[in-house]
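A short write-up of the structure that comes next.
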Amino acid sequence: MYELKVRASKTYGITIAENLSLFTERVLPLITGASVAIITDDKVSALYGGALDGFFTAKRVIKIVIRHGEKSKNAANYLKIINALAENGFTREDTVIALGGGVIGDIAGFAASTYMRGITLIQVPTTLLAAVDSSVGGKTAIDLNAGKNLCGTFYQPSAVYINTGFLKTLPVKEIKNGLGEVIKYAFLSDTVRKEDIGDINAALIYKCLKIKRDIVEKDEKESGCRALLNLGHTVGHAIERLSGYKLSHGACVAKGMVYAVEVSKRIYGLSDETVSNMYALLKSGKHDLSCGYSAESIARQLAADKKRYGDRVNFIAVKDIGKAEIVKIKISDLKTMMEDYESSFKSV
Ligand code: ADP
Ligand code: ZN
């Protein structure tokens with residue numbers, strides 16, 4: 001069992017255990033009202049919909065189930081959730097539990113943060129991606145027609161409870177999705193090592209979240225160093241959009257990491273040894289690291305990115321494993337470096 005404390009605008013605990021045996025001790029004291037809403041998706045509901053019931057025999061429990069998948073992270077389901085809370089007489093004392101992956105964590109978090117200007121939120125992630133990343137740090141969101149995560153808040157949960165037992169039913173694709181983020185952490189800090197990556201367990205999740213916790217505590221609202229967590233994401237998001245979201249987020253982050261390495265190699269003149277260590281790490285998640293999109297099309301996506309600053313973007317570069325930094329780089333320079341990388345594999 002592992003525990004972490006996050007000292008952000010709210011101080012809260014993260015528990016990482018192999019079962020739910022600590023749920024009573026760590027989470028129940030935070031649930032003071034009479035009503036609890038468990039928000040989940042249809043797949044998670046079929047597997048674990050009843051897993052928390054035994055803890056709430058003295059409470060009124062309602063369950064709100066939405067269809068699985070990113071398409072469900074929409075305004076209609078958000079309204080469905082907050083209307084259900086209202087119709088069931090939820091007050092500011094009551095609690096929302098997000099039981100599911102990143103989609104559920106984001107939409108339930110957004111609902112909890114806005115219903116009556118904010119009610120207690122407990123995150124119980126059931127995917128590796130949500131466990132190592134999205135359940136911690138307080139980002140909540142829904143998607144709009146114009147793009148993903150365009151509407152959201154910063155709202156910290158009151159607790160995060162990770163039961164690694166829930167992860168046993170994840171299909172390989174979902175494990176790889178989470179591993180995209182795990183590899184990102186392995187580049188941000190040398191505490192997550194290549195050898196750790198094959199084995200999805202509480203210790204690995206703890207190491208990843210410790211890195212995220214340390215960054216979020218310094219910069220909760222992403223005005224500075226929190227951008228380091230976007231390592232692999234600048235290009236990764238571009239690839240995700242180019243694929244029409246057919247590729248998973250983590251799969252795109254892994255591909256984006258290749259560009260992080262290749263661009264860093266060109267910015268810093270990294271040694272062959274450093275680059276080969278970086279590739280060994282990249283390969284440890286068994287991702288398909290080929291891209292399939294041209295430097296030109298990626299650069300076009302970056303130029304349309306809302307996060308750009310004029311003709312520049314924040315690019316997270318790596319001097320070495322464990323040494324990442326934020327570089328404001330011209331999209332045109334990035335494009336030249338990506339083209340140089342492109343021509344290097346075209347010529348072999
Ligand atoms: P993510 O966490 O990757 O952002 P989702 O919330 O969409 O994304 O979850 C990915 C998929 O995995 C969904 O179809 C969801 O129903 C399913 N899922 C979530 N948790 C589990 C689990 N523990 N076992 C099996 N499938 C799960
Ligand atoms: Zn991510």
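Numbering of residues begins at 1 and proceeds along the displayed sequence. For ligands, and for the atoms within them, numbers begin at 1 and follow the listed sequence. On a predicted model such as this, the values are computed, not experimentally measured, just so you know.
By the 30° and 60° cut-offs, the orientation of the rings of H237 relative to H249 is tilted. Between F56 and F23, the two ring planes are perpendicular [angle over 60°; tilted spans 30° to 60°].
Set against the non-hydrogen atoms of H68, the atoms of ligand 1 under 4.0 Å away are 14 (O), 16 (O).
Residue contacts with ligand 1: G69 is placed with no nitrogen or oxygen under 3.5 Å of a nitrogen or oxygen of the ligand (distance criterion only). Where the criterion is an N or O separation shorter than 3.5 Å, residue side chain and backbone included, F166 meets it with respect to ligand 1. Residue-to-ligand polar distances place G102 within reach of ligand 1: an N/O pair is separated by less than 3.5 Å. Between D41 and ligand 1, a contact under 3.5 Å exists for at least one N or O pair.
Between K63 and D53 there is a salt bridge, since at least one side-chain N of the basic residue sits less than 4.0 Å from a carboxylate O of the acidic one.
Enclosure of atom NZ in K10 by more than 12 non-hydrogen atoms of other residues, nucleotides or ligands within 6.0 angstrom is indicated.
By the 6.0 Å and 45° rule, K210 does not stack over the aromatic ring of Y2. At least one cation-pi condition fails for K328 and F315: the charged atom is not both under 6.0 angstrom from the six-membered ring centre and inside a 45 degree cone around its axis.
The side chain of L129, and not its backbone, has at least one atom closer than 4.0 Å to an atom of ligand 1 (non-hydrogen atoms only; side chain from C-beta on). Contacts between N177 and ligand 1, counted as non-hydrogen atom pairs separated by less than 4.0 Å, involve the side chain only. Of the heavy atoms in L47, only side-chain atoms (C-beta onward) come closer than 4.0 Å to ligand 1.
Between the T274 side chain and the L270 main chain, no donor and acceptor come within less than 3.5 Å of each other. When atom types are taken as modelled, the side chain of D143 and the backbone of G147 share no donor-acceptor pair closer than 3.5 angstrom. Proximity of a side-chain donor or acceptor of K80 to a complementary backbone N or O of V65 within less than 3.5 Å is detected.
In this structure, E174 counts as a contact residue of ligand 1, since one of its heavy atoms falls inside 4.0 Å of the ligand.
With sequence neighbours left out, the side chain to side chain contact (heavy atoms under 4.5 Å, CB included) criterion links K71 to no other residue.
Any protein N/O/S atom under 2.8 Å from the Zn ion (ligand 2) was counted, giving 3 altogether.
Nearest to atom 5 (P) of ligand 1 among the protein's heavy atoms is V103 CG2, 3.9 Å.
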